[in-house]
Amino acid sequence: MNYDVSEKKGASVMVGLQEVEEGIYDITIDGETVRVDAAMTGRTIYSVIEEGRQFEVLVDERGAHGFDVLVGARLFHLEAVDERSRLLSQQVRLVAEGPQTVEAEMPGKVVKLEKRAGDPVRGGEGVVIIEAMKMENEIPSPIDGRVVEIAVREGETVETGAKLFEVEPADDEAA
Amino acid sequence: MNYDVSEKKGASVMVGLQEVEEGIYDITIDGETVRVDAAMTGRTIYSVIEEGRQFEVLVDERGAHGFDVLVGARLFHLEAVDERSRLLSQQVRLVAEGPQTVEAEMPGKVVKLEKRAGDPVRGGEGVVIIEAMKMENEIPSPIDGRVVEIAVREGETVETGAKLFEVEPADDEAA
Amino acid sequence: MFQKILIANRGEIAVRIIRACRDMGIQAVAIYSDVDREALHVRFADEAYPCGAPPASESYLAKERIIEIAKRCGADAIHPGYGFLAENGDFADLCEREGIRFIGPTGDVMRAMGDKVTARRTMERAGVPIVPGTTERLSDEAAERWIRDVGPPVMIKASAGGGGKGMRLVRREEEIAQAIARARGEALASFGDDGLYVERFIEHPRHVEIQVLADNFGNTIHLFERECSIQRRHQKVIEEAPANRMSQEMREQMGEAAVAAAKAVGYRGAGTCEFLIDADGHFYFLEMNTRIQVEHAITEVITGVDIVKAMIRIAAGDPLGIDQSELSITRHAIEARIYAEDPDNNFVPSPGAIVVYRPPGGIGVRVDDGVYQGARVTVHYDPMVAKLITWGRYRPEAIDRMKRALSEFVVKGIKTTIPFHQRVFRHPSFVEGRYDTGFIDEHMASGLGEPAETGEERRVALMLAAIAAYRRDKERAERASAHSDSRGDTSGWRAFGRRSQMRGGPR
Amino acid sequence: MFQKILIANRGEIAVRIIRACRDMGIQAVAIYSDVDREALHVRFADEAYPCGAPPASESYLAKERIIEIAKRCGADAIHPGYGFLAENGDFADLCEREGIRFIGPTGDVMRAMGDKVTARRTMERAGVPIVPGTTERLSDEAAERWIRDVGPPVMIKASAGGGGKGMRLVRREEEIAQAIARARGEALASFGDDGLYVERFIEHPRHVEIQVLADNFGNTIHLFERECSIQRRHQKVIEEAPANRMSQEMREQMGEAAVAAAKAVGYRGAGTCEFLIDADGHFYFLEMNTRIQVEHAITEVITGVDIVKAMIRIAAGDPLGIDQSELSITRHAIEARIYAEDPDNNFVPSPGAIVVYRPPGGIGVRVDDGVYQGARVTVHYDPMVAKLITWGRYRPEAIDRMKRALSEFVVKGIKTTIPFHQRVFRHPSFVEGRYDTGFIDEHMASGLGEPAETGEERRVALMLAAIAAYRRDKERAERASAHSDSRGDTSGWRAFGRRSQMRGGPR
């Protein structure tokens, strides 16, 4: 079986996988094939042995194809898409290049709006401020562009996943 | 709902249970009713609050009606049988008063037989010795009586649950 | 000694205090808001009572309700922990009026230390060095005059202040008027008191504090210092004891100053004198915290003294029973605060259920935590979920063990600051012990200090993403086929199902 | 310093050694038998290689295979831990022949200490007090003559002996001949060597041992004593340091004796001299263990010295770097060994999967364990799953924390000796520190010392049994109805289903 594995916004790598026996896999990357012994020791914790080298690896599923993989001190946000689903996911990616909607990552209270609809905004620049856990958190725009809509009011309480605002890429302004 | 709760070989106590809301119960013992808040915090670990007193209680299911309940440093081996099943369980108990079969509680090697079929035996007296985890373990008779049968040979390896021997109560000898 | 103590707090400090009660054979009473019924501190308590709705103002800050619970359950004393009501003088008074011992200093002492201007004046009189500046509340004119006299940079601070609120840095004279106005506004809004004072601004100071203990018989000792210069947004994230670049005589001077400060206000219990140290190694009294500190554990490690037990004994009227001469520094200890925040995403809070929790262990490691596998971190309270403390005979050993312990510490389901700490403890400036309160802004700006990604780690991550995806697809297919036919079926998926059952069995 | 160390062991001690390697920046190589692929020590290692079938003789004792793995992966050194190959002189020789450093003394030293008669003669020459008795192998006649001269009670022991094998107590002269014959037979069977010697029998001795460290430059120090008198079937279950009823001068005498013993055989690395102390307080050399001890951690706590790191540094040729004068006892520490055994059922081994595992935490607590939640305890190896170590400034504080830590320690799925320990630490004789090796037989005979059951606990247990039964019945009914109709159904059971989902969600 083949998987396209990519870091968010990164180029994808083709990973070939052949299960030899349960928990033992032949993995092919860049034409090189290695045998990997991946044992699960408790939920989401793998003990991986490749040619003697042992790694403790934690894997969390994130959505349809997303996997957060922690190796040593290093966390990788990856997407693994098998060939069959690739086309679909590419369409998804195309969509993801249009206007971006930003949602609340945690419940909290909107204490301040730093932008209005129509304002230009840089990637990383704060648009709304949400207070949660006794701290104010600036929610930035993911991209350079223009604020299309602010979906919340100051003082409003929002739940996880609530739409906060929408921005469209700068280059779309040409359109 | 009413449950007969008893310690192994002990008298049973009638426990009345009424669920008020989820996790909150009115429990009646000896005509006295108390309200109990029993929250599960992780597998098999309860946080129990009764009129303010908080107990961390661990409960393990053991077979059809058995529950091992750990309160503080004290472990109770209990059977809880609801009214409908009581008759059945009584039959089970009657059976349990006939000849007793002793099974291996862990895999191991039979290193010594200390009794032969027909030998009289006292409760707690060793009948066979099994070696496991680098230690010899004497498997005693559960009751006073006579050895009916030894089901294993010296040197034999046994799995968990394998029948080791059978003893019949002393009083049966009258029969 | 007390028979029963109510802990007016939650999280790791409530658990810490309950453990001290257990060790002393005292009944521990927990209180819990509606979202904390299943919190760890409740599970550890001998008694537990609900105290209200999730917002702290309606539960852990509800003075009268807490007092009422204490009286109903017959508690002799209340331990406030830190935060919440810990430095609320009125609550301390209320407890005493209601005949319940407040484990901490008197309300008067708290107020004396709570008002910064009063505190500065008291310390000055006691001969404790304070940051150069004014020692009374200033009118706008007086403030402006003072600033023009000494010249910027200066810091305008709220007399009732704390936590950076009502604080304004003035670097250029043009800014003075606006800065004063802003500071007053914020002070009034935050504390209902617009009193201001002015201090000379100290660039990138180090933050070093002294732990003191005082009983009711005039015995006052110090338990040496802690260095708390690693801060983010005025919030301590890493502390160590003893401090870096600290000579024995400076240690003695600061210890004596702290003891003098405590005596000057007739202090009782455990307290901490915070000092700033400037680039030239001069120290200045900043403020006194009249409660147990989050970072008290590192002092317990290096001295062997159980500070929480000492607080309880003192409050019960026992003599301290420890002489300054008995104390010596026998270890080096470091604390890393683990927050439920995402260090890779601007430290945004990360509430949720903890699905996997494996604290580190072994030699030289202590974990004080308030969570467990299956626990839920809510948005309502402080996001600190655990304190990781490590120690050694000497500092390098403590750092080595900290790096190891962090690598063992597994928390899944929520994001934590563990990866951030791993970067800090690898940073040369930290390892050399040459840092000040500017450390994080200078060296840890997001991305900076990010561990160099090895191709190795990347390769393994790619492989595991594929393996995880494969296993999930496989299990789905298996479940599907299991439903589609319940008859024995010998497809690979089914065979897998049987094998995985075998794996479950004894081997 | 070494780049890579292979740990020829498993379980908690392998994890302990891997942690030391991590702390020192050394690559740690684990080996695992077929049942240990998922063991904790494998998960902690940088490299891991299979070493054979479950029986130790085919894996952890397979000398040649282990050497071959070490050479293949390029390990500089092998740490044997305790048990398995730790005191196997031939293995030590083999390592050195193959150019791999064995972390421990030389094979010759091990053999010299392994043969009890030789060891006794060496100690006698070194002026170390030994149990009165013979110092050469005896013929039947010579043994009988000696016993009749001194008179019973005497102990006949195997020269190659250990672990109580080939040992016979003679209380009456009539027993002499048979006892000698039995001892010889057992010795031959167990060790392939029927050499015997005879010692005066010491009734209910105390067992106190001294930890020593020696480098290759003639530096030999001791790290004070450990009391190990709480034993069951000659197996230590609880140890503490410092020992009870130990005067400063007796401590110095024993320390000097242990150092003399180590020097007499040119000892290198970490070792332990075991002594018996009789009712009159005289001490006698019993034997020297030429390896790391299970109970080394309590010495690490009271001295601050990391013994495993010291072993590695010494083996690498570094000087010890610690002077006797630097050492002092700064804490009191106690260790409780947690075994997978059922204390309520004659300590029968209790293998199985650990479904819930919550080690204790907080102040003064260290857990060295080899398991985790989800791990499987097999019948193949030593049943010890964890060591619980607690400490305090003084002994009572250490005991208080031990009782508290035991009450926090949750292990489900297998039975453990935790309840047994809870009884021991409540027993007056232990609390007073007045006990000897007879303690468990005297005070802990099954049932004895069982905590007095409070009606309270009983009532709660009855209630929870009913509640657990009710919840199970309810869930079954719910599953049943869920199958019977997949359409919305508003029976109480279904409603419960929805509620329980809500409970899972954010609150």
Side-chain angles (χ1 to χ4, degrees), chain A residues 1-3 5-7 13 15-17 19 21-23 25 27 29-30 34 36 38 40 42-46 48 50 53 55-61 65-82 105-108 124 130 132-135 137-140 160, chain C residues 56 233 235 339-342 344-352 355-356 358 373 377-383 403 406-408 410 412-413 415 418-419 422-423 426 450-454 456-474 492 496 499-500 502-503:
Chain A
M1 214 166 216
N2 292 319
Y3 289 86
V5 185
S6 58
E7 279 198 85
V13 177
V15 179
L17 181 150
E19 183 163 37
E21 60 182 271
E22 199 218 339
Y25 308 89
I27 303 283
I29 300 180
D30 308 335
V34 292
V36 175
M40 292 209 77
R43 291 171 63 170
T44 79
I45 304 179
Y46 286 83
V48 180
E50 178 198 351
R53 284 161 312 168
F55 305 87
E56 196 171 43
V57 183
L58 279 72
V59 182
D60 268 358
E61 292 187 16
H65 301 292
F67 295 90
D68 290 354
V69 183
L70 183 71
V71 185
R74 196 83 170 83
L75 181 66
F76 296 84
H77 303 283
L78 300 174
E79 295 219 327
V81 184
D82 65 274
E105 299 189 11
M106 85 233 79
I130 291 191
M133 283 174 153
K134 298 166 47 193
M135 284 175 61
N137 309 281
E138 199 173 59
I139 313 301
T160 304
Chain C
R233 293 187 182 178
Q235 185 185 50
Y339 291 97
E341 298 174 341
D342 181 356
D344 297 329
N345 182 11
N346 193 36
F347 293 88
V348 55
S350 177
V355 293
V356 179
R358 188 191 70 190
Q373 185 156 311
V377 178
T378 75
V379 296
H380 299 287
Y381 313 111
D382 184 282
K403 286 189 282 190
L406 286 166
S407 72
E408 289 181 22
V410 176
K412 303 300 293 178
K415 306 271 193 186
I418 289 171
Q422 284 166 318
R423 297 199 287 269
R426 265 195 300 266
E450 179 76 14
E453 160 193 321
T454 71
E456 187 68 337
E457 286 168 337
R458 190 183 167 69
R459 252 187 65 262
V460 172
L462 293 170
M463 297 192 303
L464 266 290
I467 289 172
Y470 174 79
R471 290 176 75 118
R472 185 188 52 185
D473 299 347
K474 192 169 175 179
F496 166 79
R499 269 208 304 283
S500 60
M502 282 164 49
R503 282 170 68 80

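Atom set for the values below is all heavy atoms of this structure, side chains included, hydrogens, waters and symmetry mates excluded. Chain naming here is simple, since letters A, B, ... match the order of the sequence lines and numbering starts at 1 in each.
- Here C:Glu456 pairs with A:Arg53, C:Arg459 under the salt bridge (Lys or Arg N to Asp or Glu O under 4.0 Å) rule; sequence neighbours left out.
- Here the side chains of C:Ile467 and A:Ile27 are in contact, with some heavy-atom distance below 4.5 Å.
- Across all non-hydrogen atoms, the minimal contact from C:Ala461 to A:Leu78 is O-CD1, 3.5 Å.
- The side-chain heavy atoms of A:Val15 and C:Tyr470, taken from C-beta on, include no pair separated by under 4.5 Å.
- For the pair C:Lys415 and A:Asp68, the salt-bridge criterion is met [side-chain N within less than 4.0 Å of a carboxylate O].
- When all heavy atoms of A:Asp60 and C:Gly413 are compared, the closest pair comes out as OD2-N, 4.1 Å.
- With a 4.5 angstrom heavy-atom cutoff, C:Asp342 does not touch chain A via any of its atoms.
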For this session: Please step through salt bridge (Lys or Arg N to Asp or Glu O under 4.0 Å) for the pair C:Arg358 and A:Glu56, ending with a clear verdict.
Result: CA-CA 13 Å; C:Arg358 188 191 70 190; A:Glu56 196 171 43; 3.0 Å; yes

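- Considering only heavy atoms from C-beta on, C:Glu457 comes within 4.5 Å of A:Phe76 through its side chain.
- With sequence neighbours left out, C:Gln422 forms a side chain to side chain donor-acceptor pair (under 3.5 Å) with no residue at all.
- Residues C:Ala469 and A:Phe67 share a closest heavy-atom pair of CA-CZ, 3.6 Å.
- The two residues A:Ala80 and C:Ala465 make their nearest non-hydrogen contact at CB-O, 3.8 Å.
- Ranked by heavy-atom pairs under 4.5 Å with chain C, the list A:Val36, A:Val57, A:Leu58, A:Val13 is led by A:Leu58.
- Between A:Met40 atom CE and C:Arg471 atom CZ the span is 5.5 Å, to the nearest 0.5 Å.
- A:Val34 places a side-chain heavy atom less than 4.5 Å from the side chain of C:Met463.
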